[in-house]
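Presented below is the structure to which this report refers.
These numbers come from the heavy atoms of this one structure, side chains and all, not from hydrogens, waters or symmetry mates. Throughout, a chain's letter reflects where its sequence line sits, starting with A, and its residues are numbered from 1.
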Amino acid sequence: MENNKQLVIIGGGPAGLAAAIGAKQAGIDDLLILERDHCLGGILNQCIHNGFGLHTFGEELTGPEYAWRYIQQVKDLEIPYQLDSMVLDISEDKTIRYVNATQGVCQVHAQAIILAMGCRERPFGSLSIPGYRPAGIYSAGTAQKLVNIDGYMPGKEVVILGSGDIGLIMARRMTFEGAHVHTVAERLPYSGGLKRNIVQCLDDFNIPLQLSHTVVDVHGKDRIESVTIAQVNANNLPIAGTEQEYPCDTLLLSCGLIPENELSAKAGIQLSKITNGPIVNELLETNKEGVFACGNVLHVHDLVDFVSQEATKAGQNAAQYILNHLPETQHEIPIETSGLIRYTVPFSIDPSRMDDKQVIRFRLGNVLKNGYVNVYIDDKRIIHQKKMIRTPGEMESIVLKREWLSDATQSIRIETEVA
Amino acid sequence: MEIRHFTCINCPMGCPLSVTIDDQGQVVEVQGNTCPKGDAYGQSEAVHPLRIVTSVVPVLHGDLLMVSCKTSQPIPKEKMFDVIQALKSVRFEAPIHIGDVLIENVANTSASIIATKEVQRI
Ligand SMILES: Cc1cc2nc3c(=O)[nH]c(=O)nc-3n(C[C@H](O)[C@H](O)[C@H](O)COP(=O)(O)OP(=O)(O)OC[C@H]3O[C@@H](n4cnc5c(N)ncnc54)[C@H](O)[C@@H]3O)c2cc1C
Ligand code: SF4
């Protein structure tokens, strides 16, 4: 089977859904969402806790409720989607090959593509922890799926390595289901998780968070029996004499998320070494013309509201591209970063094609208290923004106004300034 | 007088709050907040902390094994485990719609347990 579409969206999570809605409302009728799972909504289906949508809906929804609002809109707008359909590759001419159980391998050619494949968790193998590899070691997200979707408890005596949000959420979830969560060990001197989750998922249940600590050994041959946790020094090396053994039958890993970009890499899309996501311009377009990216496949988000906002934009931009409404690109100015700023999305801006108010999202490499974020255009400072605290775990943003830039603009630089 | 420390969770700022409580258990002052939400949160957290509880319960004849659910309003923090306990022995027949009341006045909190997922009957 081969057919043509104006727009194909890969992934039916919150990013894919919002992108589809954005494109449809901007005039694209001939579009298709491809989702490998048996339902729409992506990771939100297993995130049963509340805390989603405060920015968008002014109320706190659970993950499935937030997803449902977008799924309803997709249905109301009669946007076509295909479930149980896994995209295998994208060719040079934007032909997408996907497979599903009823039709086998299919092909669809698209004028534009939006990448919305989300992210996956950093696996145990990549953490270089010595010791055995017995049963009972799960990523926090896998445990979340087991408990919340399948109704199955992976274990009773739990240690969590890494203080990412999924790990924190699972500490509370496992406690509610009758498990004893001994401790959360975090290698870094700060947690990457939201304050709210540290308070409501650990403090509420007196679960100790041990910063600058990591698992240095795993014991047990068939099933995990205990782990050894030690303090680490500034160079991330374990400090001798600080080892402590924790008996457990389950070790959950919450050590970060990586955008899922095997497909993108295979398709020749240029990826950033920092975000592990595509390098995009002001339109959220990758180096391949007509291929856009949004959501966790682009850079890992902590708030789904921003995923939806970003994806709506990607959908609108893809629509403009398809309808030939985009002005020719004049000159693309890379956004330079310095200080604690690790990256920005977009990575570059063309003043002739940017929004009147262009949102620039970024993350910091360390905690910044009472510091400033400065933006310089051609070495003239135009933003000088103070904030009590900025942390690596929370995505930041600033708004660049088009009136500040012109075709003569040479450089845009964003930096942090310690107070 | 006593000073208790909390972290405001109402936005990603996570302002560190110091709440001064007098000998009658009344809040005298909240410090460290950046906006009025933090003041309200400090007051509430110091005297009657509230939480939304979310969980899953089994479904019969559904296209999903479990339906996710939440309390219709925040409940007293110390009642969290009573609510969880009340969910241990129940199961529900599909179909279930988002917003359906599954249990009324759960664990005498005056909150209901409401469904947060759609489950079709099969
Ligand atoms: C455990 C957890 C807790 C969170 N808690 C909060 C919170 O409290 N508040 C908040 O605001 N945000 C929270 N977030 C963040 C928010 O949920 C995510 O940022 C958001 O879901 C990302 O959306 P997405 O569409 O980019 O990715 P996803 O939701 O991961 O969706 C990607 C979709 O693409 C599909 N896909 C991938 N590859 C292919 C392929 N090759 N072919 C077809 N389909 C494919 C996947 O099956 C999936 O459905 C949380 C995230 C996680 C993981
Ligand atoms: S006090 Fe206001 S600004 Fe500070 S964390 Fe609370 S809600 Fe946010």
Per-residue contact mode, [X] against chain A (heavy atom under 4.5 angstrom):
{"X": "Pro16(B)", "answer": "side chain"}
{"X": "Val83(B)", "answer": "neither"}
{"X": "Glu118(B)", "answer": "side chain"}

Which atoms form the tightest heavy-atom contact between [X] and [Y], and what is the distance?
{"X": "Ile98(B)", "Y": "Pro64(A)", "result": "CD1-O, 4.5 Å"}
{"X": "Asn50(A)", "Y": "Thr54(B)", "result": "N-CG2, 3.9 Å"}
{"X": "Met66(B)", "Y": "Ile149(A)", "result": "CG-O, 3.4 Å"}
{"X": "Gly32(B)", "Y": "Met388(A)", "result": "O-CE, 4.3 Å"}
{"X": "Phe176(A)", "Y": "Met80(B)", "result": "CZ-SD, 3.9 Å"}
{"X": "Val56(B)", "Y": "Asn148(A)", "result": "CG1-O, 3.5 Å"}

task: Answer with side chain, backbone, both or neither: which region of Phe205(A) has an atom nearer than 4.5 Å to a non-hydrogen atom of chain B?
output: side chain

message: Please classify the contact between Glu177(A) and chain B as side chain, backbone, both or neither, with a heavy-atom cut-off of under 4.5 Å.
response: both

task: Heavy-atom pairs under 4.5 Å with chain B are the metric here; pick the option from Asn45(A), Val147(A), Ile198(A) that has the most.
output: Asn45(A)

- line: One should read off an interatomic distance between Cys39(A) SG and Asp63(B) CG, to the nearest 0.5 angstrom, of 9.0 Å

query: Are the side chains of Gln200(A) and Ile52(B) in touch, meaning some heavy atoms are under 4.5 Å apart?
result: no

- request: Could you check if a side-chain atom of Ser55(B) sits within less than 4.5 angstrom of a side-chain atom of Arg173(A), using non-hydrogen atoms only?
  value: yes

